Structures are given as C-alpha cells and as structure tokens.
S.K.: 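Sharing a structure here in structure tokens format.
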Amino acid sequence: MAQRLFFALPVARTSQLALLKLQSQLAQAGIHGRMIPATNFHLTLAFLGSVTASQKDALLARLADLTVPDLHLELDTLHYWAKPGIVALGARRTPIALGQLATQLQQDAYQHGLHPTRHAFRPHITLFRGASALLPDLAHVPEQPIVMTSHSVELMVSVNGPAGVEYHCLKRWQR
Ligand code: 3AM
C-alpha cells in the first residue's frame, strides 16, 4: 500500500515551546483556525506525495549516505497562504545549506517519478490551518525570532488517525 511521505526537519522541544507561545498569542489576537499540535510541528524539506513500498525501498537505498549539515535558522516572519488558510512562521533568510538540502531532496523526488515541487522553497513551520486572514496589526509578530537548530533529517509518513492527521518518523539521518 502506498504511503504519503515527506522529508522534514524535526522541531526540538525548546523551539516547540516557543512556537506554542506564539500560537496562543496569535489565537488571542484573533486568528481562528485549527491549531497544529506541537507533536506535528516540522519544517518540510520536500513533499514526496504517494509512495509505494518499492519506491520507498529504492529511495532509502539511494539516500543511505545522505549528508546532514548543521542547520541553524532564524524564524522571524509570519506567512499567510489564503487558499489552505495556513498561518506559518517562516524565515526571511534561507541558509544556503538548508536550501541546498531541500533542493537535493526535491530533485531526487522529481528525477524518480515522485511528487514534483513547482514552487520555490520557503522554509516554514505551519501553526494553523483553515485560518482566517491575518490581521494587519500582526505585521511585527514575532517580536523576537525563534531560533531553530537541527542536526537531523527525517522521512515522515502522514496518516489519518482518530484525532486527525499524525506524522510519524520512518527514518532519521543524523549529522
Ligand atoms: O505544513 P507544511 O506545509 O510544512 O508542505 C506540506 C505539509 O507541510 C506538504 O507536506 C507537508 C506534510 O503534509 N504538502 C502536503 N500536500 C502537498 C502537496 N499537494 C504538500 N506539498 C506540495 N503539494
């Protein structure tokens, strides 16, 4: 059976706490939508779409020696994408190593018949889905960047559990 897979950076507990604080600040400021639970916070590098067992085995063999750089990112700006109603915390500046890693994984997917990514990589962590438009007075939120450091990349599977979508790590590459 095929699985819905994506590559992501996990979010460390300290960053999760800062993101939860920001989420409640945004909710109090009037953002209505589904709050993403902290266990689902992640930074997507490449979405692979529906992947069969044999495609997954081939992917894991190809990427067995994936090099994970030290990744350090300042999350300092809010994004709002109207169609899915996503409110996300993003980065004004994409570190070169992070952009290269995302491109490598997206190109690998494309070259092997998996989901093609058609838009430029914009690192972000989704905080709300199905949200109403951002209020103008949130232009200066967050007041302080949330610093994210990562030493690992994860291959994640998205499954529909009883309480909604759940993400589980299938494989982790450590620096
Ligand atoms: O919350 P984010 O955006 O980080 O990016 C989407 C999502 O994470 C991406 O996969 C992640 C886990 O669901 N994604 C989902 N559907 C997608 C699609 N059809 C998609 N990316 C591109 N096209």
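All values derive from a computational prediction rather than experimental measurement. In what follows, residues are counted from 1 in the order of the sequence shown. All ligand and atom numbering here is 1-based and tracks the order in the structure.
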S.K.: Is there a path of hydrophobic side-chain contacts, each under 4.5 Å between heavy atoms, that joins Leu73 and Val147?
M.R.: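 Result: no, two separate clusters.
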S.K.: Check ligand 1 against Arg4 and write out every atom of the ligand that is under 4.0 Å from a heavy-atom position of the residue.
M.R.: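 So the answer, numbered in order with elements, is 15 (C), 16 (N).
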S.K.: Of all the atoms in ligand 1, which lie at a distance below 4.0 Å from a heavy atom belonging to His124?
M.R.: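 Near His124, the atoms of ligand 1 are 2 (P), 3 (O), 4 (O).
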S.K.: Quick check: does His42 get an N/O under 3.5 Å from an N/O on ligand 1?
M.R.: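 Yes: some nitrogen or oxygen of His42 is under 3.5 Å from one in ligand 1.
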S.K.: Atom 10 (O) of ligand 1: which protein heavy atom is closest, and how many Å away?
M.R.: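 So the nearest neighbour among protein heavy atoms is Phe47 CD1, 3.2 Å.
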S.K.: Report yes if Ser158 has an N/O atom closer than 3.5 Å to an N/O atom of ligand 1; otherwise report no.
M.R.: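 Checking ligand 1 against Ser158, no N or O pair falls under 3.5 Å apart.
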S.K.: Got the closest protein heavy atom to atom 6 (C) of ligand 1, with its distance?
M.R.: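 Nearest neighbour among protein heavy atoms for atom 6 (C) of ligand 1, to 0.1 Å: Thr44 OG1, 4.3 Å.
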S.K.: Kindly confirm or rule out a cation-pi arrangement of Lys171 over Trp173, judged by NZ or CZ under 6.0 Å from the six-membered ring centre and within 45° of its axis?
M.R.: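 So Lys171 does make the cation-pi contact.
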S.K.: Go through ligand 1 atom by atom and flag the ones less than 4.0 Å from a non-hydrogen atom of Thr126.
M.R.: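 Per the distance check, 1 (O), 2 (P), 3 (O), 4 (O).
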S.K.: Between Arg122 and ligand 1, find which residue part has any heavy-atom pair under 4.0 Å and reply side chain, backbone, both or neither.
M.R.: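 No part of Arg122 is near ligand 1 at this cut-off.
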S.K.: Would you check whether His115 reaches within less than 4.0 Å of ligand 1, judged by its heavy atoms?
M.R.: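 Yes, His115 has a heavy atom closer than 4.0 Å to ligand 1.
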S.K.: Going by atom types only, do Thr44 and His42 share a side-chain donor-acceptor pair under 3.5 Å?
M.R.: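 Yes, because at least one side-chain N or O of Thr44 sits under 3.5 Å from a partner of the opposite role on His42.
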S.K.: Using the rule that two of Ile, Leu, Val, Met, Phe, Trp, Tyr join whenever any of their side-chain heavy atoms come within less than 4.5 Å, decide whether Leu5 and Val68 are in one cluster.
M.R.: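 Yes, because Leu5 and Val68 connect within a single hydrophobic cluster, where side-chain heavy atoms sit under 4.5 Å apart.
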S.K.: Could you tell me which residues satisfy side-chain contact (heavy atoms from CB on, under 4.5 Å) with Ser24, sequence neighbours excluded, listed by chain and number?
M.R.: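 With neighbours one apart ignored, the set is empty.
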S.K.: Among all residues two or more places apart in sequence or in another chain, which pass the side-chain contact (heavy atoms from CB on, under 4.5 Å) test with Gln144?
M.R.: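 Residues passing side-chain contact (heavy atoms from CB on, under 4.5 Å) with Gln144: none at all.
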S.K.: May I ask you to list the atoms of ligand 1 that are less than 4.0 angstrom from any heavy atom of Tyr167?
M.R.: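 Answer, ordered by atom number: 12 (C), 13 (O).
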S.K.: Would Phe47 and Phe7 count as a close aromatic pair, with their ring centres under 6.0 Å?
M.R.: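 Centroid distance Phe47-Phe7: not below 6.0 Å, so no.
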S.K.: Going by distance alone, is a donor N or O of one side chain under 3.5 Å from an acceptor N or O of the other, for Gln100 and Thr103?
M.R.: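 No - no donor-acceptor pair under 3.5 Å links their side chains.
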S.K.: Return the closest protein heavy atom for atom 12 (C) of ligand 1 as residue, atom name and distance.
M.R.: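 Protein heavy atom at minimum distance: Phe6 CE2, 3.5 Å.
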